[in-house]
Amino acid sequence: MTVLAPTPENIAAAARALRSGRLVAFPTETVYGLGADATNGEAVARIYEAKGRPAFNPLIVHVGDTATARGIGVLTPMAERMAAAFWPGPLTLVLERRPDTGISELVTAGLDTVAIRVPDHPLAQAIIQASGLPLAAPSANRSGHVSATTARHVIDDLGDAVDIVLDGGPTTHGLESTILDVTDHVVRLLRPGAVPAEAVEAITGLPLARVLGSRSAPTAPGQLESHYAPRARLRLAADARPMPGEALLAFGHVDLPADAPAINLSSSGNLLEAAANLFSALRRLDASGATTIAVMPIPETGLGEAINDRLRRAAAPRE
Ligand code: TXA
Ligand code: MG
């Protein structure tokens, strides 16, 4: 890990690192973010690995301006009003995700919505501009720890799991962004944060709907949304030979069946690659029309824990 002062040369170096799939921690006005190229699935998988998250939580995409946000998510009239009032600034908007934007499915953990924010911090803006990328960035702390508000916190918490830390001094708010669901004409508060609810209500003229449970589980509002689950059933602990009518989700060195839809998450058994492919593979196998997806075992180590968490949930009986 390298700690860099925010000089133009260092910002250019950090941007190059991001473009080659590395992790760069940078300050925003709220807390430090652990950034990666949101269009590079393996780079995004590295974020989950670095944070030591045992499950995939959707991540916030950081962009430079509202116009770029419009290309990734659908800004409803209410979303436009929120963007006009608070962007750039410490507000995250959950929007309907547009198809084919290049944003990795791992960023949204398979959801049809995407969380976007336009940060108001010169260094965050500089790294977004220099990289030319939408940046997926959760708070730069290990899972379960408090958010990092100084470069020192990031270094202590993440160590060599992060490639570069841009040191821009302590963050201003020291509190995460407020998250609003604006996919609809009503605004819902998913996470209280640096923009007070009253400031949002002053714009809408209406009381803000609180999503029940968001205070008791403030680190995981994404968990409250109905998570992506394939329509097909999942059969776990399968071998490489699916039964008639099944599709195969393979892992590791195996010959794929010629007579069934099949996708290998990683033929080399690489968990980073498997995580990057997971959600798109499930969607494609689901679209094949198979009634059941047979899933080969995935080791319960590193990112395998988060992959298995998602597969087990998708395999759980539904009503
Ligand atoms: O201030 C912040 O928001 C900081 C800085 C770095 O931007 N970021 C941050 O990210 O707090 P993180 O990953 O620690 O928290 C993001 C939250 C998660 O709880 C996640 O569940 C939620 O945003 N989220 C992301 N996408 C979502 C979606 N599509 N629907 C609902 N919630 C979502
Ligand atoms: Mg966090």
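Both ligands and their constituent atoms are indexed starting at 1 by order of listing. All heavy atoms count here, side chains included; hydrogens, waters and symmetry mates do not.
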Enumerate the atoms of ligand 1 whose separation from the nearest heavy atom of [X] is less than 4.0 angstrom.
| X | answer |
| --- | --- |
| Ser139 | 8 (N), 9 (C), 10 (O), 12 (P), 14 (O) |
| Thr113 | 28 (C), 29 (N), 30 (N) |
| Ile60 | 3 (O), 8 (N), 9 (C), 10 (O), 16 (C) |
| His62 | 5 (C), 6 (C), 7 (O) |
| Glu176 | 1 (O), 11 (O) |

> Knowing that exactly one of Arg22, Arg16, Arg46 qualifies, which makes a salt bridge (charged side-chain N to carboxylate O under 4.0 Å, His left out) with Asp163?
Replying inline: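 So the option named by the test is Arg22.
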
> Which atoms form the tightest heavy-atom contact between Pro138 and Arg53, and what is the distance?
Replying inline: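 Scanning both residues completely, I find the closest heavy atoms to be CB-NH2, 4.2 Å.
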
>> To check you understand the geometry: which heavy-atom pair defines the closest contact between Val118 and Thr66, and what is its length?
In response: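 For Val118 and Thr66, the tightest heavy-atom pair comes out as CG2-N, 4.2 Å.
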
Under a 4.0 Å heavy-atom limit, does [X] contact ligand 1 with its side chain, its backbone, both, or neither?
| X | result |
| --- | --- |
| Val94 | side chain |
| Arg53 | side chain |
| Asp181 | neither |
| Leu190 | side chain |

Looking only at N/O atoms, are [X] and ligand 1 under 3.5 Å apart anywhere?
| X | result |
| --- | --- |
| Ser177 | yes |
| Thr30 | yes |
| Lys51 | no |
| Arg117 | yes |

>> Could you list the cluster mates of Phe26? Members are the ILVMFWY residues connected by side-chain heavy atoms closer than 4.5 Å, either directly or through other members.
In response: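 Leu4, Ile11, Leu18, Val24, Leu123, Ile127, Ile128, Leu133, Leu135, Ile164, Leu166, which link up through side-chain heavy atoms under 4.5 Å apart, make up the rest of the cluster.
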
Is it true that, when you exclude [X] itself, more than 12 heavy atoms of the residues, nucleotides or ligands shown sit nearer than 6.0 Å to its [atom1]?
| X | atom1 | result |
| --- | --- | --- |
| Glu96 | CD | no |
| Arg241 | CZ | no |
| Asp255 | CG | no |

> Of all the atoms in Ser139, is at least one N, O or S atom closer to the Mg ion (ligand 2) than 2.8 Å?
Replying inline: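 Coordinating: yes.
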
>> salt bridge (Lys or Arg N to Asp or Glu O under 4.0 Å) for Arg70 and Glu80? Distances and angles first, verdict last.
In response: CA-CA 9 Å; Arg70 289 191 192 105; Glu80 289 285 356; 2.8 Å; yes

> Should His173 be listed as contacting ligand 1, given a heavy-atom distance under 4.0 Å as the test?
Replying inline: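 It does not; every heavy atom stays at 4.0 Å or beyond.
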
>> Just to check, does Ile179 reach to within less than 4.0 Å of ligand 1 when the distance is taken from its heavy atoms?
In response: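 Ile179: in contact with ligand 1 (<4.0 Å).
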
>> Side chains of Glu176 and Ser147 only: does a donor on one sit below 3.5 Å from an acceptor on the other?
In response: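 The answer is yes; a qualifying pair exists.
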
> With no hydrogens and no angle check, do the side chains of Ser139 and Asn141 hold a donor and an acceptor under 3.5 Å apart?
Replying inline: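 Short answer, yes.
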
> Run the salt bridge (Lys or Arg N to Asp or Glu O under 4.0 Å) check on Arg142 and Asp157 step by step: do they pass?
Replying inline: CA-CA 6 Å; Arg142 281 190 68 80; Asp157 224 43; over 6 Å; no

>> Please state which option from Ala136, Pro27, Gly33, Pro138 has its nearest heavy atom closest to atom 13 (O) of ligand 1.
In response: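 Nearest heavy atom to atom 13 (O) of ligand 1 lies in Pro138.
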
